[in-house]
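To start, the structure under review is shown below, and the notes come after it.
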Amino acid sequence: MSLQTNKKINSFYLVAIFFVMLGLSYASVPLYELFCKATGFGGTTKVSKQIPNIVINHVILTRFDTNVAKGLFWDFKAEKTKENIKAGQVSTIKFRVKNLGKETSTGVATFNVTPDSAGQYFNKISCFCFEQQTLKPKETKEFEMAYFIDPKIVDDLSTKEIKDITLSYTFFDVANFKKDKN
């Protein structure tokens, strides 16, 4: 093979590698989200349309942490900060949000579960998270989140000793979020 042919082949490989890497960079976010949903990595919870048909006598203390990001003048509280729940038992928690500001504002709640390994067993049946919520000045709204902890949590060596789980919500101002993206 001549030197000229080697340069053409090497150039082809470099261009091919560039496009493969570019494609992987675009696919990385959806692939990461899919991985997190499948494994519970990073405290990602599951959304369930079906409740479990078994409740086991394994009690877990569930804590509810509420936060509001800077720039959103809301008061955000759970009706109770903790509850004991058996694996497989369905529970509903109410959250109250009040706009303390003088203008209408819109927020979106995100969440995470700690410890991270429990995320794959924390199942939400209904939730207000990731949906825009708009409140007028001084307006108060109530939201509910129904959930259960999958009984399979006791079958996993990495989670069977978990005695408490924290679900942490944070409301972010949609207007500030859009400004940061631009």
Side-chain angles (χ1 to χ4, degrees), residues 29-100 105-135 139-174 177:
V29 172
L31 289 174
Y32 180 75
E33 287 176 0
L34 183 64
F35 171 76
C36 289
K37 286 180 182 177
T39 64
F41 183 77
T44 303
T45 65
K46 292 186 176 181
V47 176
S48 180
K49 296 190 184 336
Q50 184 176 345
I51 61 173
N53 55 5
I54 185 172
V55 176
I56 62 172
N57 195 23
H58 180 80
V59 177
I60 296 176
L61 175 67
T62 307
R63 300 174 194 278
F64 304 99
D65 177 45
T66 56
N67 304 284
V68 179
K70 184 178 177 184
L72 190 61
F73 303 104
W74 289 8
D75 181 48
F76 177 40
K77 302 281 185 228
E79 76 174 337
K80 50 186 166 181
T81 58
K82 57 187 174 183
E83 76 172 343
N84 286 310
I85 186 170
K86 291 181 180 180
Q89 176 184 351
V90 176
S91 181
T92 301
I93 301 297
K94 292 180 182 179
F95 294 84
R96 180 164 284 132
V97 183
K98 182 175 183 178
N99 182 354
L100 303 174
S105 55
T106 302
V108 172
T110 62
F111 65 89
N112 72 323
V113 173
T114 307
D116 291 350
S117 59
Q120 64 184 321
Y121 299 105
F122 196 101
N123 290 268
K124 293 181 293 170
I125 299 168
S126 65
C127 185
F128 56 92
C129 49
F130 300 116
E131 297 174 2
Q132 291 188 11
Q133 309 295 340
T134 301
L135 296 172
E139 181 180 15
T140 300
K141 285 188 179 178
E142 197 170 85
F143 302 108
E144 290 185 350
M145 188 269 304
Y147 77 101
F148 66 90
I149 298 168
D150 192 322
K152 293 177 185 171
I153 195 168
V154 299
D155 298 332
D156 187 336
L157 292 176
S158 67
T159 58
K160 72 180 196 174
E161 298 299 322
I162 291 177
K163 302 288 185 226
D164 59 53
I165 295 173
T166 300
L167 178 67
S168 182
Y169 278 104
T170 302
F171 260 107
F172 292 91
D173 186 353
V174 171
F177 182 72

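- Judged as a ring-ring contact (aromatic ring centres under 6.0 Å, His included), and not counting sequence neighbours, the contacts of F143 are F128.
- In this structure the side chain of T114 never reaches within 4.5 angstrom of the side chain of S168, judged on heavy atoms.
- The two residues A78 and T66 come nearest to each other via the heavy atoms N-CG2, 3.8 Å.
- Using a 4.5 Å heavy-atom cutoff, the side chains of I153 and I60 are in contact.
- Shortest non-hydrogen contact noted between A118 and T159 is N-CG2, 4.4 Å.
- With a 6.0 Å radius and a threshold of 12 heavy atoms from other residues, nucleotides or ligands, K141 has its NZ atom above the threshold.
- Using a 4.5 Å heavy-atom threshold, the side chains of D156 and Q120 count as touching.
- To the nearest 0.5 angstrom, K163 atom NZ is 5.0 Å from H58 atom NE2.
- A distance of 9.0 Å separates CG in L72 from OG1 in T106, rounded to the nearest 0.5 Å.
- Once rounded to the nearest 0.5 Å, the distance linking OH of Y121 with CD1 of I149 reads 12.5 Å.
- Atoms CH2 and NZ, from W74 and K98 in turn, are 13.5 Å apart once rounded to the nearest 0.5 Å.
- Not a single donor-acceptor pair under 3.5 Å links the side chain of D150 to the backbone N or O of F122.
- Counting heavy atoms from C-beta outward, F111 and M145 have side chains that stay 4.5 Å or more apart.
- Not counting sequence neighbours, E79 has no partner by the salt bridge (Lys or Arg N to Asp or Glu O under 4.0 Å) test.
- In this structure, the separation between OG1 on T110 and OH on Y169 is 9.5 Å, given to the nearest 0.5 Å.
- Looking at Q133 and V97, their side chains never come closer than 4.5 Å, going by heavy atoms from C-beta outward.
- Under a cut-off of 6.0 angstrom, the local environment of CZ in F76 is crowded, with over 12 non-hydrogen atoms contributed by other residues, nucleotides or ligands.
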